[in-house]
Amino acid sequence: MADPSQNISPTKSWYNLILHLHPRKVKPYTLRFTLTFGLGGMAALLVVIQVFTGLLLKFHYIPSPEGAYNSVLNINEGLLFGKLAHNIHHWSAVTLLWITFLHMLRVVFTGAYSKPRHATWIFGMILLILVILSNFTGYLLPWDQLSFWAVTVVTSLLQYVPLIGETAKQTLLGGPEVGAVTLSNFFNLHTGIIPLLIIIMMGYHFWRIRKAGGVILPVSKKEEPLTDTYPNLVAREFVVALVLLAFLLAISVFFDAPLRERANPYFSPNPAKAPWYFMGLQELLIHFHPVFVVVVFPLTILAGSLWLPFLKLTDTHSGIWFISNRGKKAGKQAVASGIIFTVVFILVSELLPDPETLLPSVPSLILTGLVPFIIVAGTMYMFMEYIRRKYSINRAEYIQTLIILLVVSYAVLSLVGILFRGQGMKLMWPWQI
Ligand code: HEM
Ligand code: HEM
């Protein structure tokens with residue numbers, strides 16, 4: 001029997017392009033919006049928007065401390081649609097970070113990270129790191145007070161990395177402090193190396209998705225007869241793309257990218273805060289030794305993420321949101337407990353007398369690093385054991401619950417850092433700041 005998709009002329013170049021991205025036919029369940037919420041596709045579109053608007057901005061941006069701020073003012077005020085391009089670049093960067101993160105959570109919540117999707121997951125992790133780095137390197141470019149001091153705060157953390165920290169910091173900054181070489185380095189990373197790596201990794205990510213047989217499906221849907229990709233899937237993707245574009249255009253028309261006064265290296269705002277996505281780390285610095293915040297925590301999370309796809313899981317629940325009802329209940333309890341634990345932890349750590357004054361003879365790495373780390377890790381372990389027994393959850397549900405706990409805790413730390421830290425990083429109400 002004739003294949004209906006053959007009706008589309010193979011000479012149509014746009015159809016050939018689609019075939020590079022999709023197979024000719026897919027399982028009907030793949031068309032369900034709620035399976036993936038289109039998040040991976042949205043992330044891809046946002047990268048394209050970033051490259052396009054970024055290239056436009058590059059025509060008029062001057063990467064030097066003397067020229068940068070004024071060139072951004074000129075883009076905003078002196079160019080036709082300059083402000084729109086700048087605003088779209090800014091809001092699309094923020095949206096990309098959120099969408100990439102939500103896409104990662106969707107992968108976790110549908111159990112789509114284990115074999116044969118292990119490489120997709122690992123290259124996804126690399127993409128997440130690159131998206132964070134592109135946001136961070138872009139942050140400095142407007143060269144205003146906000147960007148200059150935020151980058152100063154974050155890059156100063158590098159010095160706590162044992163052995164290589166100081167050299168790495170000096171290499172990145174091109175000197176002891178943020179200055180002309182830093183701006184030039186960030187500009188080159190931002191407009192050259194990082195986008196190039198993102199595009200290469202994205203290509204590999206997509207290839208691995210196809211190699212794994214498309215997105216994950218519930219076991220019961222795997223045997224359904226196939227349906228044509230065009231127009232069924234393509235039309236749906238088109239609608240998602242249009243809604244995303246309309247959303248970006250609307251916020252970019254009504255809300256301007258923040259731009260404070262020109263950077264002044266001699267006047268630090270009090271408090272100087274990191275970019276919002278690193279505020280959770282800055283908040284942790286108040287409670288833990290910097291080596292733990294900068295090295296131990298990130299490496300533990302990274303090692304855990306790389307190990308995750310190699311865990312053996314039963315696939316009876318894969319492709320189903322939150323794996324099962326038990327998974328859902330355990331997840332809800334992790335949300336509530338994550339909020340309570342983190343708030344209590346911050347308050348206790350704030351109210352306790354300074355341990356270094358009480359026990360000056362104990363090295364601070366042990367006193368403010370190892371000891372609180374063991375307490376926090378021990379509490380988490382006991383909580384997870386309690387949840388495992390209470391809901392009889394399996395491995396995939398256990399991992400999901402643990403990730404929810406960590407994400408909620410980081411969100412609370414970030415909110416406290418952003419909203420409740422005033423002068424001298426003292427805890428205060430938002431209206432007192
Ligand atoms: C994933 C990709 C990218 C992300 C997440 C990103 C993010 C950012 C961010 C957050 C800013 C600061 C804008 C502000 O808040 O005012 C920025 C500025 C800038 N970006 Fe990108 N960017 C990306 C790709 C690119 C590319 C590919 C280019 C050019 C080849 C580029 C060129 C620029 C330029 C010239 C500026 C400075 C002008 C301005 O501040 O508007 N970006 N970027
Ligand atoms: C720029 C960033 C990214 C882009 C453009 C991207 C793109 C995509 C697309 C288009 C899909 C298929 C459709 C969908 O799931 O929505 C997908 C699937 C997948 N992505 Fe990503 N992704 C990105 C980041 C990530 C991250 C951060 C992770 C995890 C750490 C990840 C892991 C995966 C996995 C495991 C799949 C397969 C899911 C399945 O089979 O159901 N991706 N990605």
Side-chain angles (χ1 to χ4, degrees), residues 21-22 30 33 35-63 68-69 71-72 75-76 82-83 85-97 99-108 110-114 116-144 146-147 186-192 194-199 201-203 205-206 208-210 212-217 237 240 256-259 275 305-306 308-309 318-319:
L21 298 170
H22 290 305
T30 311
F33 179 61
L35 179 67
T36 64
F37 286 94
L39 292 164
M42 286 193 226
L45 177 61
L46 287 165
V47 170
V48 174
I49 294 173
Q50 284 309 90
V51 173
F52 181 67
T53 49
L55 285 172
L56 290 181
L57 292 169
K58 207 168 172 238
F59 279 106
H60 292 275
Y61 177 77
I62 303 169
Y69 184 74
S71 70
V72 175
I75 289 172
N76 276 352
K83 189 182 243 177
H86 178 191
N87 287 352
I88 294 180
H89 198 72
H90 172 85
W91 291 118
S92 164
V94 175
T95 316
L96 175 63
L97 201 54
I99 295 282
T100 309
F101 186 67
L102 291 176
H103 168 61
M104 184 193 79
L105 288 185
R106 139 18 224 165
V107 168
V108 171
T110 53
Y113 46 82
S114 52
R117 296 178 169 78
H118 53 295
T120 323
W121 168 268
I122 289 171
F123 281 84
M125 282 305 299
I126 299 175
L127 275 170
L128 180 63
I129 294 171
L130 288 170
V131 166
I132 295 173
L133 287 181
S134 55
N135 261 286
F136 182 60
T137 47
Y139 207 93
L140 181 67
L141 303 187
W143 203 253
D144 65 345
L146 198 69
S147 69
F186 272 49
F187 179 72
N188 289 327
L189 286 169
H190 186 78
T191 59
I194 297 174
L196 185 70
L197 287 177
I198 290 186
I199 290 165
M201 295 298 154
M202 257 169 62
H205 195 65
F206 293 165
R208 293 303 308 204
I209 297 165
R210 277 193 74 167
V215 290
I216 197 149
L217 297 176
E237 289 177 334
V240 172
D256 286 345
L259 188 67
S305 315
L306 295 180
L308 196 62
S318 57

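All values derive from a computational prediction rather than experimental measurement. Order of appearance sets the numbers: ligands from 1, and atoms from 1 within every ligand. Computation of the quantities below employed the complete heavy-atom set of this structure, encompassing side-chain atoms and omitting hydrogens, waters and symmetry-equivalent molecules.
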Should the proximity of [X] to ligand 1, defined as any heavy atom under 4.0 Å, be assigned to the side chain, the backbone, both, or neither?
X	result
Leu96	side chain
Ile75	neither
Leu55	both

[atom]: which of [options] has the nearest heavy atom?
atom	options	answer
atom 13 (C) of ligand 1	His86, Lys83, His190, His60	His86
atom 5 (C) of ligand 1	Ser71, Ser134, Ser92, Gly82	Ser134
atom 38 (C) of ligand 2	Arg208, Met42, Arg106	Arg106

4.5 Å side-chain heavy-atom contact, [X] and [Y]:
X	Y	answer
Met42	His103	no
Val107	Trp121	yes
Val240	Phe37	no
Pro258	His90	yes
Met125	Ser305	yes

Element-labelled atoms of ligand 2 that are located less than 4.0 Å from some non-hydrogen atom of [X]:
X	result
Ala44	5 (C)
Ala112	35 (C), 38 (C), 39 (C), 41 (O)
Arg117	39 (C), 40 (O)
Met125	30 (C)
Leu128	27 (C)
Gly214	40 (O)

- prompt: Between Phe206 and ligand 2, which residue portion shows a heavy-atom distance shorter than 4.0 Å: side chain, backbone, both, or neither?
  reply: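 Only the side chain of Phe206 comes within reach of ligand 2.
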
task: Test Ser92 against Gln50 for side-chain contact (heavy atoms from CB on, under 4.5 Å), laying out the working first.
output: CA-CA 7 Å; Ser92 164; Gln50 284 309 90; 2.7 Å; yes

- prompt: Measuring from the heavy atoms of Ser305, does anything fall under 4.0 Å of ligand 2?
  reply: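 No; Ser305 lies far enough from ligand 2 that no heavy-atom distance drops under 4.0 Å.
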
Sub-4.0 Å heavy-atom contact, Gly41 with ligand 2: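 Within the 4.0 Å threshold, so yes.
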
field: Aromatic centroids of Tyr139 and Phe186 separated by under 6.0 Å
entry: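 Aromatic pair excluded; centres sit 6.0 Å or further apart.
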
Mind checking the [atom1]-[atom2] spacing from [X] to [Y]? Nearest 0.5 Å is all I need.
X	Y	atom1	atom2	value
Ser134	Leu96	OG	CG	6.5 Å
Tyr113	Ile122	OH	CD1	13.5 Å
Leu196	Leu130	CG	CG	10.5 Å
Phe123	Ile126	CZ	CD1	4.5 Å
Ile88	Lys83	CD1	NZ	13.5 Å
Ile194	Leu133	CD1	CG	5.0 Å

By number and element, which atoms of ligand 1 are closer than 4.0 Å to a non-hydrogen atom of [X]?
X	result
Val51	27 (C)
Ile198	1 (C)
Pro142	14 (C), 16 (O), 40 (O)
Pro195	27 (C)
Ala93	5 (C), 7 (C), 10 (C)

Smallest separation among heavy atoms of Ile216 and Ser318, with atom names: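 Shortest heavy-atom contact: CD1-CB, 3.6 Å.
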
- prompt: Which atoms form the tightest heavy-atom contact between Ile198 and Leu127, and what is the distance?
  reply: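 Scanning both residues, the minimum pair turns out to be O-CD2, 3.8 Å.
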
query: Is Phe33 atom CZ crowded by more than 12 heavy atoms from other residues, nucleotides or ligands, each under 6.0 Å away?
result: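 More than 12 heavy atoms, drawn from other residues, nucleotides or ligands, come within 6.0 Å of this atom.
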
- prompt: Taking both backbone and side-chain atoms of Lys58, is any N or O found less than 3.5 Å from an N or O belonging to ligand 1?
  reply: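 Such a contact does not occur with ligand 1.
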
field: Neighbouring protein N, O or S atoms of atom 21 (Fe) of ligand 2 [cut-off: under 2.8 Å, no waters]
entry: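 Short answer, with waters excluded from the count: His103 NE2, His205 NE2.
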
Just need the protein heavy atom nearest to [atom], so name the residue and atom and give the distance.
atom	value
atom 4 (C) of ligand 1	Gln50 NE2, 3.2 Å
atom 17 (C) of ligand 1	His89 CD2, 3.4 Å
atom 34 (C) of ligand 1	Leu141 CD1, 3.9 Å
atom 15 (O) of ligand 1	His90 ND1, 2.6 Å
atom 28 (C) of ligand 1	Gly54 CA, 3.5 Å
atom 12 (C) of ligand 1	Gly138 O, 3.2 Å
atom 41 (O) of ligand 2	Ile216 N, 2.9 Å

- prompt: Can you list the steps and then say if Leu140 with Phe187 is a side-chain contact (heavy atoms from CB on, under 4.5 Å)?
  reply: CA-CA 9 Å; Leu140 181 67; Phe187 179 72; over 6 Å; no

- prompt: Is Met202 close to ligand 2, meaning an N/O of one under 3.5 Å from an N/O of the other?
  reply: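 Checking ligand 2 against Met202, no N or O pair falls under 3.5 Å apart.
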
field: Derivation and outcome, side-chain contact (heavy atoms from CB on, under 4.5 Å), residues Tyr61 and Leu56
entry: CA-CA 9 Å; Tyr61 177 77; Leu56 290 181; over 6 Å; no

task: Applying side chain to side chain donor-acceptor pair (under 3.5 Å) between Thr53 and each of Lys58, His89, His86, report the one that passes.
output: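 Single pass found, and it is His89.
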
task: For Leu97 and Ile132, run side-chain contact (heavy atoms from CB on, under 4.5 Å): C-alpha distance rounded to whole Å, both residues' side-chain angles, the deciding distance at 0.1 Å, then the answer.
output: CA-CA 7 Å; Leu97 201 54; Ile132 295 173; 3.8 Å; yes

